[in-house]
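Let me begin by presenting the structure, written as structure tokens, before commenting on it.
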There are 2 protein chains.
Amino acid sequence: MQTSDNPVLLAKLPEHEATYRRLRDMVLFGNMAPGQKVTIQGITQSLQAGMTPVREAIRRLTAEGALELHENRRVSVPRLTPSQLDEIAFARLALEPRLAQMAMIRMRSEDIDALAAIDSEIDTAIEAEDVHRYLAGNFRFHFAIYEMAAAPILLSLTQSLWLRFGPSLRVVIESEASIGPDRHRDAVAAMRGQDARALSEAVEADIAQGMDRVRAELAGTASARA
Amino acid sequence: MQTSDNPVLLAKLPEHEATYRRLRDMVLFGNMAPGQKVTIQGITQSLQAGMTPVREAIRRLTAEGALELHENRRVSVPRLTPSQLDEIAFARLALEPRLAQMAMIRMRSEDIDALAAIDSEIDTAIEAEDVHRYLAGNFRFHFAIYEMAAAPILLSLTQSLWLRFGPSLRVVIESEASIGPDRHRDAVAAMRGQDARALSEAVEADIAQGMDRVRAELAGTASARA
DNA sequence: GCGGACAGATTATGATCAAATTCTTTGCGC
DNA sequence: GCGCAAAGAATTTGATCATAATCTGTCCGC
């Protein structure tokens with residue numbers, strides 16, 4: 001799965017692929033709210049695309065868990081329950097530390113430098129309070145690592161998980177909670193030292209921290225809506 | 001995801017859903033060979049369906065990893081590499097024992113009886129050398145358990161994994177290797193005794209056994225093709 | 001309340017266009 | 001004259017669109 005989204009190559013993509021990526025990025029980077037309704041005709045107009053490509057993109061995202069079909073055959077952005085969030089946390093903890101370890105073995109010094117660069121971009125995004133760039137940077141940081149693991153199946157499972165909690169991140173960011181310790185920096189340090197154990201712990205801590213923030217915010221909005 | 005495929009309800013399904021399930025079952029139960037080409041017009045004719053439903057079913061299966069898109073935008077059934085098989089085995093071992101444990105807690109005595117019944121159906125299918133019924137029974141046994149875990153996200157990840165190694169099962173069966181000890185019976189016994197540890201071990205052993213058979217066969221056909 | 005018509009949205013079909021593969025033919029060199 | 005290879009035509013396949021048919025939910029009138 002291509003995550004680098006080079007704009008030069010993006011022009012030559014087939015319509016359904018371009019539509020898929022635009023919708024996916026909206027889901028991934030907090031541009032869609034949990035519970036939001038998604039209509040084919042709505043997307044058709046807002047994205048200036050035909051009906052068939054939109055249909056396909058929606059089906060694909062639905063299969064990946066990013067969107068949800070109701071019995072009425074309506075489509076919406078899933079609203080996570082605490083129990084589902086636990087499932088995601090469990091699966092992420094099972095997959096992502098492994099991916100990171102597999103990646104570390106294959107990593108060159110220059111790859112680690114690139115990761116550090118991404119991480120500092122994230123810091124500037126945080127300072128500028130640019131939510132979209134923060135989320136995009138965070139995604140790039142994690143998947144730049146995971147892609148080096150050369151484990152396409154585990155990677156696609158992980159991508160599916162990120163798609164599922166993506167919409168919930170928006171709310172987290174809006175609350176501007178405490179950022180906490182920088183687990184990315186710990187991870188980079190562990191990779192520099194080829195310390196598998198430390199890397200695993202850094203990734204686990206990052207996941208736990210992120211999921212906890214979602215969990216807290218989810219509880220907040222749930223009570224607010226009730 | 002509906003796996004019980006009740007034929008009464010199946011008539012009322014929308015075309016694209018029915019097409020999806022037929023294709024999915026073909027993938028899952030060894031009716032498609034790894035490497036086989038899948039053309040949209042070919043499916044249109046063999047399944048007597050329209051073009052749009054077939055397109056959607058293929059897109060959906062592609063998103064789930066059951067089918068593979070090439071750069072030429074052609075579609076085929078993936079041929080697993082040993083490394084990918086390791087990924088699947090790792091992910092299965094991470095997810096399925098957990099699902100089984102979650103399911104066991106919610107299980108009633110009658111549910112366990114139903115599982116035992118499925119398992120004996122499997123035995124008769126083996127005696128009759130009915131490959132399709134054996135594979136379908138095996139699938140039903142595992143997912144009857146996993147569905148009781150009430151963990152939809154972990155369930156869909158697991159389903160994606162089964163879709164990926166489904167086509168490779170055909171070859172395994174053709175070779176009619178030794179069946180080995182019946183891990184299903186061990187699992188049922190563990191559930192009867194509410195023994196989480198034993199259940200986990202039975203599931204792990206069943207997965208390891210199954211994956212090993214695929215691995216051995218995969219190595220065989222690889223050398224045969226070389 | 002109950003029922004039916006209406007509006008909005010989705011599903012499904014078939015046609016049309018574009019891309020890729022295959023096959024054939026043509027031309028060159030030996 | 002023979003064989004290889006490149007060019008091009010024909011076929012196959014995929015992508016997109018416009019449209020018709022179907023379904024769902026709602027709103028009005030009784």
Side-chain angles (χ1 to χ4, degrees), chain A residues 1-2 5 8-24 26-27 32-33 35-79, chain B residues 1-2 5-6 8-24 26-27 32-79:
Chain A
M1 206 162 293
Q2 184 82 4
D5 282 0
V8 179
L9 299 174
L10 200 139
K12 306 183 71 179
L13 286 175
E15 192 91 6
H16 66 88
E17 185 70 27
T19 306
Y20 164 76
R21 295 201 187 178
R22 281 196 280 178
L23 271 180
R24 184 199 61 184
M26 287 171 70
V27 170
M32 307 202 104
Q36 179 176 337
K37 302 217 181 313
V38 177
T39 72
I40 292 179
Q41 300 186 348
I43 305 293
T44 300
Q45 292 180 1
S46 70
L47 255 57
Q48 290 291 38
M51 183 170 275
T52 309
V54 171
R55 270 185 82 76
E56 297 194 19
I58 289 179
R59 281 266 177 274
R60 200 168 150 190
L61 287 166
T62 301
E64 291 173 331
L67 297 177
E68 184 181 35
L69 274 97
H70 297 89
E71 337 68 47
N72 342 341
R73 57 190 187 173
R74 298 287 157 87
V75 180
S76 66
V77 180
R79 199 191 297 278
Chain B
M1 208 163 291
Q2 185 82 0
D5 282 2
N6 187 323
V8 179
L9 299 175
L10 202 138
K12 306 184 68 178
L13 287 175
E15 192 87 10
H16 69 88
E17 184 68 29
T19 306
Y20 164 76
R21 295 200 187 179
R22 282 196 279 180
L23 271 179
R24 184 200 60 183
M26 288 172 70
V27 170
M32 306 203 106
Q36 181 177 334
K37 299 212 186 314
V38 176
T39 72
I40 180 159
Q41 301 184 355
I43 304 293
T44 300
Q45 291 180 1
S46 71
L47 255 56
Q48 291 291 38
M51 185 171 274
T52 309
V54 171
R55 273 187 80 79
E56 295 194 20
I58 289 179
R59 281 267 176 273
R60 200 167 149 190
L61 287 166
T62 301
E64 292 173 331
L67 298 176
E68 183 181 38
L69 275 97
H70 297 90
E71 337 67 47
N72 343 340
R73 57 190 188 173
R74 296 289 156 90
V75 178
S76 67
V77 180
R79 200 190 296 278

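The structure presented is a predicted model; accordingly, all values stated were derived computationally and were not measured. Below, chain A is the first sequence line, B the second, and so on; all start at residue 1.
- For DNA chain D, the contact window with chain A, defined by any atom under 4.0 Å from a protein heavy atom, covers D:dA15 to D:dG25 in 5' to 3' order.
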* Treat primed atoms plus P, OP1 and OP2 as sugar-phosphate and everything else as base, then score nucleotides 6-12 of chain C 5' to 3': B for base contact with protein heavy atoms under 4.0 Å, S for sugar-phosphate contact only, - for none. => ---SBBS
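- Residues meeting the salt bridge (charged side-chain N to carboxylate O under 4.0 Å, His left out) test with A:E17, sequence neighbours left out: A:R21, A:R60.
- Using a 4.5 Å heavy-atom cutoff, the side chains of B:L23 and B:L61 are in contact.
- With sequence neighbours left out, the side chain to side chain donor-acceptor pair (under 3.5 Å) criterion links A:R22 to no other residue.
- By the 4.5 Å heavy-atom criterion applied to side chains, B:Y20 and A:R59 are not counted as neighbours.
- A:E15 meets the salt bridge (charged side-chain N to carboxylate O under 4.0 Å, His left out) test with no other residue; sequence neighbours excluded.
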* Please assess A:K37 against A:R74 for the test side-chain contact (heavy atoms from CB on, under 4.5 Å), listing each intermediate value before the final yes or no. => CA-CA 8 Å; A:K37 302 217 181 313; A:R74 298 287 157 87; 5.9 Å; no
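- Under the side-chain contact (heavy atoms from CB on, under 4.5 Å) criterion, B:Q36 pairs with B:M32, B:A33, B:V77, sequence neighbours left out.
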